[in-house]
**Student:** 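Could you have a look at this structure, given as structure tokens, before my questions?
When a ligand or atom number is given, it counts from 1 through the structure's own listing order.
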Amino acid sequence: MAQATRVFCRNFSSSSSRFGNIKHVTVIGAGLMGAGIAQVAASTGHQVVIVDQTDDILSKSKATIEKSLQRVAGETFIAEVMGRLTIKTDAAAAVKNTDLVIEAIVENLEVKKKLFSSLDKAAPKHTIFTSNTSSIPIKDIAVATQRQDRFGGLHFFNPVPIMKLLEVIRIPATSDETFDKLLGFGKAMDKSTVNCKDTPGFIVNRLLVPYMMEAIRMVERGEASPQDVDTAMKLGAGYPMGPFELTDYVGLDTCKFIIDGWHKKYPDNPLFMPSPLLDKLVSEGKLGNKTGEGFYKQKK
Ligand SMILES: CCCCCCCCCCCCC[C@H](O)CC(=O)SCCNC(=O)CCNC(=O)[C@H](O)C(C)(C)COP(=O)(O)OP(=O)(O)OC[C@H]1O[C@@H](n2cnc3c(N)ncnc32)[C@H](O)[C@@H]1OP(=O)(O)O
Ligand SMILES: NC(=O)c1ccc[n+]([C@@H]2O[C@H](COP(=O)([O-])OP(=O)(O)OC[C@H]3O[C@@H](n4cnc5c(N)ncnc54)[C@H](O)[C@@H]3O)[C@@H](O)[C@H]2O)c1
């Protein structure tokens, strides 16, 4: 049995002591990342509630999780995992009995702050809040709450069931107890953790974003085609995907939110200047794999 399959079929039970204090997890946002995070949390024995804006989004997300599990697991395991997953549209009700909130909604500071401010009033005192943001400082989100000592970042990578890394981010106010619990949760999720400070892009995106922005600028300058850049980086640098394939995979809208946010925050940094090509594709609704077309048209 290959590595990925082994991890997903290990027999976890929610009564296991491997969880420390985090047994019940609420994932807010049932999109690309939220579905993956919920799948792995439930696969590793946690009780999971997924929250999104509509029942339709939530049903589609549940179906995605089930389909994803079918690639690697048998019927019994899938039934157990799906049995640990529930869905809700009422975020305040969902967090009433939860140990950990993982927010994976749209990459927008004001929307995230509004959400956390309302959750802060509804969640029990012991609940730890985290954001899966790619690019927003965790402390800028945490200020919306009265629990900054129980606030941190959990930055997962896409696709969550396969990518082994979890960046665990602390802000100055994060308590040692909270940080240790988050590291323990990462282990319980079968991820390899790295400790991050709340610096722009943490570790991975601090290096990945300039690389990807230079790739799109090469194309804008007419120096190479997206196809040739992708082939070059896969065959010449050993990357599993080229930067354009990866942008389609991440979502062009999410990439635009990231770069626009950094440009606004650091207007003099040439690395973070917006890209006319990215802006054009987003304005045409070409958001990547999620809409069937981005830099590439998806094969049917
Ligand atoms: C250029 C334009 C610039 C625009 C601006 C840019 C702005 C900046 C953007 C930054 C974005 C940051 C986003 C975020 O914050 C951080 C990220 O997440 S970055 C993304 C990180 N991810 C990657 O880099 C992925 C790279 N790709 C890969 O690793 C691989 O291609 C793949 C996705 C793993 C797929 O590989 P394949 O080999 O094709 O896949 P297979 O289908 O063969 O599967 C491999 C293996 O995995 C098992 N498996 C598949 N699906 C699942 C599942 N759902 N659950 C469990 N396991 C699964 C499958 O069975 C195989 O296992 P095996 O059979 O080998 O045992
Ligand atoms: N896409 C990636 O590769 C990737 C990787 C790591 C981190 N992230 C980060 O994860 C977060 C989510 O990204 P994604 O790609 O999953 O986005 P997505 O667009 O696929 O999903 C976002 C989901 O959040 C929901 N949502 C929006 N506002 C909400 C609210 N107020 N309450 C409840 N649900 C709400 C939307 O309906 C949508 O289903 C972002 O912060 C992003 O930066 C993305």
**Student:** What pairs of residues pass the ring-ring contact (aromatic ring centres under 6.0 Å, His included) test when at least one of them lies in residues 52-73, not counting sequence neighbours?
**Tutor:** none

**Student:** How far is atom 15 (O) of ligand 2 from its nearest protein heavy atom, and which residue and atom is that?
**Tutor:** Leu32 CB, 3.7 Å

**Student:** Measuring from atom 17 (O) of ligand 2, which candidate in Ile141, Asp253, Leu115, Thr254 has the nearest non-hydrogen atom?
**Tutor:** Thr254

**Student:** Thr133 versus ligand 2: do any nitrogen or oxygen atoms come within less than 3.5 Å of each other?
**Tutor:** no

**Student:** Identify whether the distance between the nearest side-chain nitrogen and carboxylate oxygen of Lys62 and Glu66 falls below 4.0 Å.
**Tutor:** no

**Student:** Hey, is ligand 1 close enough to Asn158 that some N/O pair sits below 3.5 Å?
**Tutor:** yes

**Student:** Just go through Lys67, Met163, Arg71 and tell me whose heavy atom is the nearest to atom 50 (C) of ligand 1.
**Tutor:** Arg71

**Student:** Between Leu69 and ligand 1, which part of the residue brings a heavy atom under 4.0 Å of the ligand: side chain, backbone, both or neither?
**Tutor:** neither

**Student:** Side chain, backbone, both or neither: which applies to Phe157 and ligand 2 if a contact is any heavy-atom pair less than 4.0 Å apart?
**Tutor:** neither

**Student:** Under the salt bridge (Lys or Arg N to Asp or Glu O under 4.0 Å) test against Arg170, which residue among Asp180, Asp198, Asp176 passes?
**Tutor:** Asp176

**Student:** Check each heavy atom of Ile259 against ligand 1 and say whether those closer than 4.0 Å belong to the side chain, the backbone, both or neither.
**Tutor:** neither

**Student:** Which pair of heavy atoms, one from Ile37 and one from Met189, lies closest together, and at what distance?
**Tutor:** O-CE, 3.9 Å

**Student:** What do we get for Tyr239 next to ligand 1 when only non-hydrogen atoms under 4.0 Å count, side chain, backbone, both or neither?
**Tutor:** neither

**Student:** Please list the nearest protein heavy atom to atom 42 (C) of ligand 2 with its residue and the distance rounded to 0.1 Å.
**Tutor:** Ser134 OG, 3.5 Å

**Student:** Side chain, backbone, both or neither: which applies to Leu246 and ligand 1 if a contact is any heavy-atom pair less than 4.0 Å apart?
**Tutor:** side chain

**Student:** Students should be able to answer this: which protein heavy-atom is nearest to atom 37 (O) of ligand 2, and at what distance?
**Tutor:** Asp52 OD1, 2.7 Å

**Student:** With atoms numbered from 1 as shown, which atoms in ligand 1 lie under 4.0 angstrom from a non-hydrogen atom of Val72?
**Tutor:** 56 (C), 57 (N), 58 (C), 60 (O)

**Student:** Among Met33, Met212, Met213, Gln70, which one puts a heavy atom closest to atom 5 (C) of ligand 1?
**Tutor:** Met213

**Student:** Under 4.0 Å from a heavy atom of Leu208: give me the atoms of ligand 1 that qualify, with their elements.
**Tutor:** 19 (S)

**Student:** Report the part of Lys256 (side chain from C-beta onward, or backbone N, CA, C, O) that has a heavy atom under 4.0 Å from ligand 1; answer both or neither where that applies.
**Tutor:** neither

**Student:** Are the side chain of Thr26 and the backbone N or O of Val49 linked by a donor-acceptor pair below 3.5 Å?
**Tutor:** no

**Student:** Starting from atom 40 (C) of ligand 2, find the nearest protein heavy-atom neighbour and note its residue, name and distance.
**Tutor:** Ile105 O, 3.2 Å

**Student:** Between Lys114 and ligand 2, which part of the residue brings a heavy atom under 4.0 Å of the ligand: side chain, backbone, both or neither?
**Tutor:** neither

**Student:** Backbone N or O of Met163 within a donor-acceptor pair of the Lys191 side chain at under 3.5 Å?
**Tutor:** yes

**Student:** Any idea which protein heavy atom is nearest atom 22 (C) of ligand 2, and the distance to it?
**Tutor:** Ala104 O, 3.8 Å

**Student:** Output yes when the distance from some N or O of ligand 2 to some N or O of Val250 is under 3.5 Å, and no in every other case.
**Tutor:** yes

**Student:** Sub-3.5 Å donor-acceptor pair from the side chain of Asn158 to the main-chain atoms of Leu32, do we have one?
**Tutor:** no

**Student:** Using the side-chain hydrogen bond (donor to acceptor under 3.5 Å, both in side chains) rule, pick out the option among His126, His46, Lys23 that qualifies with Asp99.
**Tutor:** His126

**Student:** Which heavy atom of the protein is the closest neighbour of atom 44 (C) of ligand 2, given with residue, atom name and distance?
**Tutor:** Met33 CG, 3.4 Å

**Student:** Which protein non-hydrogen atom lies closest to atom 10 (O) of ligand 2, naming both residue and atom, and how far is it?
**Tutor:** Asn132 ND2, 3.0 Å

**Student:** At a 4.0 Å threshold, what atoms of ligand 1 neighbour a non-hydrogen atom of Tyr249?
**Tutor:** 33 (C)

**Student:** Checking Glu107 against Thr254: is there a side-chain donor and acceptor pair closer than 3.5 Å?
**Tutor:** no

**Student:** Return yes if some donor-acceptor pair links the side-chain N/O of Thr247 with the main-chain N/O of Pro243 below 3.5 Å, else return no.
**Tutor:** yes

**Student:** Any idea how Phe129 and Phe116 line up, ring-wise: parallel (<30°), tilted (30 to 60°), or perpendicular (>60°)?
**Tutor:** tilted

**Student:** List every atom of ligand 1 that sits less than 4.0 Å from any heavy atom of Pro159, numbering the atoms from 1 in the order shown and giving each element.
**Tutor:** 33 (C)

**Student:** Of the options Lys114, Lys113, Lys121, which is the one that meets Ser117 in a side-chain hydrogen bond (donor to acceptor under 3.5 Å, both in side chains)?
**Tutor:** Lys121

